[in-house]
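Structure first, commentary second.
Note: hydrogens, waters and symmetry copies are ignored here, and every other heavy atom, side chains too, is used. In what follows, every chain begins at residue 1, and chains take the letters A, B, ... in the order their sequences are listed.
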2 protein chains.
Amino acid sequence: MPPPDGRRARGDRRRREILSATLRVVERDGVAGVSHRSVAREAGVPTTSTTYYYATLDDLLIATLTWSAEEMAASFREVPLTPAAVARFIADAAGAHRGRTLAEYELYLLAARRPELRPAARRWVSLMAEVAGPRDPVRLRAVLAGLDGLLIQALIADFPPMAEDLEPVVSLLMLGG
Amino acid sequence: MPPPDGRRARGDRRRREILSATLRVVERDGVAGVSHRSVAREAGVPTTSTTYYYATLDDLLIATLTWSAEEMAASFREVPLTPAAVARFIADAAGAHRGRTLAEYELYLLAARRPELRPAARRWVSLMAEVAGPRDPVRLRAVLAGLDGLLIQALIADFPPMAEDLEPVVSLLMLGG
DNA sequence: AGACTAGTGGAACAGGCGTTCAACTTTCTG
DNA sequence: CAGAAAGTTGAACGCCTGTTCCACTAGTCT
């Protein structure tokens with residue numbers, strides 16, 4: 001039996017390797033493509049390694065998505081709160097970082113069915129709220145919803161939108177008509 | 001071999017039964033829960049029936065989600081374009097019709113990975129655009145994104161939001177600050 | 001009536017799955 | 001150094017999967 005998740009141990013490196021291999025599988029094939037065996041193949045370790053550190057598939061999935069959401073929220077911290085910068089962030093999320101963004105939204109939907117994933121799914125929402133400071137809460141909710149919607153609609157467009165096309169919409173959302 | 005999808009035939013009733021059974025499975029267990037066998041069980045027909053009418057699982061899934069999206073878009077047609085009515089629609093979608101709405105968003109994410117599903121996924125977006133008439137396109141995109149975001153965030157809330165709480169946010173989105 | 005097609009359904013194949021087990025090596029601890 | 005704990009691994013169990021095959025019935029045409 002491995003030591004409990006929080007405690008440090010010798011196998012920390014492998015733990016991380018498994019986690020990042022899982023994320024790569026999710027990005028490539030979606031949550032549906034995650035199995036002990038597919039993750040083990042991707043990480044180049046035997047199958048039993050993944051079950052050793054994460055007893056069930058659920059544990060593995062939850063650990064991966066939680067960690068990924070933390071990283072994504074952290075990366076949003078760097079974005080200046082100007083319409084142009086936010087538009088660029090959205091364009092990148094649907095373009096260069098498309099796989100990662102897809103993983104994030106698979107987390108959303110999984111969270112809708114599994115309460116234990118909800119704090120992780122809401123992390124970037126609450127981060128945004130914190131960054132925006134104590135503004136008008138109604139406007140804040142509208143902006144948050146708008147950005148989420150722009151992101152998800154960008155994912156199902158035939159071509160990822162360009163930052164310049166997004167910018168006026170983001171501007172309208174953030175600054176008001 | 002069954003007659004091609006468009007042509008009428010004797011087995012039309014069963015076709016519909018299989019489709020609606022599939023939708024029930026998606027609502028209950030998500031897209032991941034759909035298999036020839038689980039659908040056949042739900043519909044009370046032998047396993048081979050589902051493969052007879054929909055040769056592959058993909059065919060079945062695509063037919064189901066497309067049909068469901070059409071129904072959902074049609075139901076939105078009835079909603080008056082006032083903030084209060086739209087807020088009520090969102091609250092119901094995350095409350096009473098939660099399973100159906102979840103199915104809709106699983107379609108979204110599947111569409112991100114499979115281009116053939118994208119027209120169906122965008123159906124309600126383009127319907128909204130048509131209903132709204134030739135307004136300011138920037139505002140239109142902002143409103144559409146905002147409604148999508150409100151919906152998806154409502155799905156990962158611990159309690160579905162009430163229409164009264166949604167109404168000012170919807171109002172801000174639709175009418176501007 | 002005979003031929004043909006649509007529809008029905010039981011059985012089976014090969015393959016992937018989650019998970020467990022037991023044997024083994026490495027590393028830490030007293 | 002001895003013993004415990006942590007880590008590693010191949011093999012295996014039973015289950016579910018997508019799909020195919022084949023035998024069969026019920027309607028529909030000529």
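Residue pairs meeting the salt bridge (Lys or Arg N to Asp or Glu O under 4.0 Å) criterion with at least one partner in residues 146-160 of chain B, sequence neighbours excluded, are R118(A)-D158(B), R122(A)-D158(B). Listed by first and then second residue, the ring pair (Phe, Tyr, Trp, His ring centres under 6.0 Å) pairs that reach into residues 96-130 of chain B are F76(B)-W124(B), Y105(B)-Y108(B), sequence neighbours excluded. The salt bridge (Lys or Arg N to Asp or Glu O under 4.0 Å) analysis of residues 28-52 of chain B, with sequence neighbours excluded, yields the pairs R24(B)-E42(B), R28(B)-E42(B).
Taking atom OH of residue Y54(B) and atom P of nucleotide dG7(C), one finds them 12 Å apart after rounding to whole Å. Between the CZ atom of R41(A) and the P atom of dC17(C) there is a distance of 6 Å, rounded to whole Å. Summarising the geometry, the separation between CG on L61(B) and P on dT17(D) is reported as 14 Å, rounded to the nearest angstrom. In this structure, H36(B) atom NE2 and dT17(D) atom C1' are separated by 10 Å, rounded to whole Å. Atom C1' of nucleotide dC17(C) and atom CG of D58(A) are separated by 15 Å, given to the nearest angstrom. One can place CZ of R13(B) at 13 Å from P of dG7(C), the figure rounded to the nearest angstrom. Rounded to whole Å, the distance from OH on Y52(B) to P on dG10(C) is 16 Å. A straight line from CG of D12(A) to C1' of dA6(D) spans 12 Å, rounded to a whole angstrom.
When heavy atoms are screened at a 4.0 angstrom cut-off, S35(B) is found touching the sugar-phosphate backbone but no base atom. Here Y53(B) lies in heavy-atom contact (under 4.0 Å) with sugar-phosphate atoms only.
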N/O-N/O pairs, protein side and nucleotides 11-13 of chain C side, under 3.5 Å:
from: dA12(C); atom 1: N6; to: R37(B); atom 2: NH2; distance (Å): 3.3

What protein N or O atoms touch nucleotides 27-29 of chain D N or O atoms at under 3.5 angstrom, if any, and at what distances?
none

Could you go through residues 166-176 of chain B and list every donor-acceptor pair under 3.5 Å that involves a side-chain atom there, pairing it with any protein atom two or more places apart or in another chain?
none

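OP1 and OP2 of dT8(D) both lie 4.0 Å or more from every side-chain N or O belonging to R15(A).
Listed nucleotides dG7(D), dG18(C), dG7(C) differ in distance to L57(A); the shortest reach to its side chain belongs to dG18(C). Distance from the side chain of S49(B) is smallest for dT8(C) among the nucleotides dG10(D), dT20(D), dT8(C). For P3(A), the listed nucleotide lying nearest its side chain is dG7(D); candidates were dG7(D), dT19(C), dG7(C).
Looking at residues 27-34 of chain A, you'll see that no heavy atom sits under 4.0 Å from any atom of DNA chain D.
Applying the side chain to side chain contact (heavy atoms under 4.5 Å, CB included) criterion to D59(B), with sequence neighbours excluded, gives Y54(B), A55(B), T56(B). Shown here are the side chain to side chain donor-acceptor pair (under 3.5 Å) partners of R88(A), two or more places apart in sequence or in another chain: there are none. Every residue two or more places apart in sequence or in another chain that forms a side chain to side chain donor-acceptor pair (under 3.5 Å) with D58(A) is listed here: R114(A). Applying the side chain to side chain contact (heavy atoms under 4.5 Å, CB included) criterion to T66(B), with sequence neighbours excluded, gives I62(B), E70(B), L117(B), A120(B). With sequence neighbours excluded, no residue forms a side chain to side chain contact (heavy atoms under 4.5 Å, CB included) with A96(A).
Ion pairing of E106(A) with R113(B) is present here, as a side-chain N (NZ or NE/NH1/NH2) and a carboxylate O approach within less than 4.0 Å. Between E130(A) and R77(A) a salt bridge is recorded (basic side-chain N to carboxylate O distance below 4.0 Å).
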Before you tell me yes or no, could you show the steps for L60(B) and T64(B) under side-chain contact (heavy atoms from CB on, under 4.5 Å), namely the whole-Å CA-CA distance, both residues' side-chain angles and the distance that decides it to 0.1 Å?
CA-CA 6 Å; L60(B) 177 56; T64(B) 302; 4.0 Å; yes
